[in-house]
Amino acid sequence: MNRRAFLGTSLGLAAATGLAAMPASASEATDGSADADAKRCRVIPRGGIGMHLYTMRGPLASDFPGTLEQLAAIGYATVGVSGRHNNSAAAIRGFLDSTGLRAVLEHVAYTTLTGAGLPQALEDLHTLGARWPVVPSLPGALHTPDGFREVARQFNRIGQASRDAGLGPVQFHNHGADHAVVGGENLYEILLKETDPHLVAFELDVYWATKGGADPARLFVEHPRRFPALHVKDMAPNGDFADVGSGILDFAAMFENAQRGGVRQWLVEHDNPADPFATARNSYNHLAALRY
């Protein structure tokens with residue numbers, strides 16, 4: 001054997017010996033780190049990061065088109081409409097088109113959708129270019145098991161009308177009280193179980209779900225494809241609202257099964273922002289950088 005061959009063989013044996021001698025714990029730690037990194041490789045599609053316009057209600061009241069322009073400049077792709085501020089659906093559509101933003105849903109009162117206003121509400125959704133009518137809240141008198149069963153029946157009816165109009169299913173936006181257990185029954189689970197998945201979906205507000213004792217990550221697994229839109233809202237250590245990424249909610253862990261839950265839109269919301277545009281920037285930057 002010549003000198004070069006001898007050195008190559010010796011170095012190979014030494015490397016093999018070193019690998020064999022590596023402690024199992026070091027090898028496992030490396031593998032564990034790689035697994036953890038692999039689980040954090042997904043990103044939210046840019047077209048899925050939106051703003052629920054309730055957050056921006058102050059600026060919108062004084063300058064609707066200018067507010068939309070600033071949201072588009074931050075990077076937002078979509079919006080959820082919540083209050084028109086004396087603008088028609090056609091006018092808002094014009095504002096959106098001029099900025100490149102797209103409306104995906106509109107919040108419409110339960111009493112409107114259960115009453116004579118349903119056809120016009122669905123027509124307005126077409127005008128806005130949106131897909132989903134969303135019930136933002138329910139009357140307090142309905143917060144009983146019987147009340148929620150009646151709501152489930154109404155949601156199935158509204159959802160059928162929405163589908164017949166060429167739109168998506170009606171969605172329901174939750175608050176904390178909607179997750180209450182009354183008479184041994186979880187109210188939110190009544191809606192999940194007694195509505196037709198083709199006709200009724202859920203715009204899950206992850207802050208209010210958590211506040212009400214629910215686990216958004218568990219809901220995605222147990223009720224797949226029921227949650228096409230989220231309200232992404234963070235929680236301060238004292239339980240108050242916070243900009244996304246500045247609070248205590250673990251969004252990376254929460255969203256691990258978001259695809260299974262059917263999530264297509266991550267809509268930022270803050271119920272009481274001190275500076276709505278700062279909230280919009282901070283929250284967008286966190287979601288755009290998030291790996292889950």
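Just so you know, these numbers come straight off a predicted model, no measurement behind them.
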Check against side chain to side chain contact (heavy atoms under 4.5 Å, CB included), M56 and Q70: CA-CA 11 Å; M56 311 302 295; Q70 292 194 57; over 6 Å; no
Check the pair L118 / T112 against side chain to side chain contact (heavy atoms under 4.5 Å, CB included), numbers first and verdict last. CA-CA 6 Å; L118 175 60; T112 299; over 6 Å; no
Yes or no on side chain to side chain donor-acceptor pair (under 3.5 Å) for H179 and N186, after CA distance, side-chain angles and deciding distance? CA-CA 6 Å; H179 299 275; N186 185 293; 5.1 Å; no
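Under the ring-ring contact (aromatic ring centres under 6.0 Å, His included) criterion, the residue pairs touching residues 139-160 are H143-F148, F155-F172, with sequence neighbours excluded.
Hydrophobic clustering (ILVMFWY, side-chain heavy atoms < 4.5 Å, transitive): L125 and V134 are in distinct clusters.
Using a cut-off of 4.0 Å between Lys/Arg side-chain N and Asp/Glu carboxylate O, R84 and E106 are scored as salt-bridged.
The closest side-chain donor-acceptor pair between E203 and H107 falls under 3.5 angstrom. A donor and an acceptor atom, one from each side chain of D164 and Q160, are located under 3.5 Å apart.
Remark: the backbone N or O of L191 is paired with a side-chain donor or acceptor of T195 at under 3.5 angstrom. Panel note: side chain D178, backbone N174; no donor-acceptor pair is recorded below 3.5 Å.
More than 12 heavy atoms of other shown residues, nucleotides or ligands fall within 6.0 angstrom of atom CD in E185.
Across G47 and T78, no two heavy atoms sit closer than the pair O-CG2, 3.6 Å. The minimum heavy-atom distance linking L105 with A229 is given by the pair CD2-CB, 4.1 Å.
At least one side-chain heavy atom of P145 sits less than 4.5 Å from a side-chain heavy atom of L187. For the pair H52 and K233, the minimum side-chain heavy-atom distance is 4.5 Å or more.
Going from atom CG of D196 over to atom CZ of R163 covers 9.0 Å, rounded to the nearest 0.5 Å.
Just one residue in the list H270, H231, E269 forms a side-chain contact (heavy atoms from CB on, under 4.5 Å) with Y54, and that residue is E269.
Remark: E123 engages no residue in a side chain to side chain donor-acceptor pair (under 3.5 Å) (not counting sequence neighbours).
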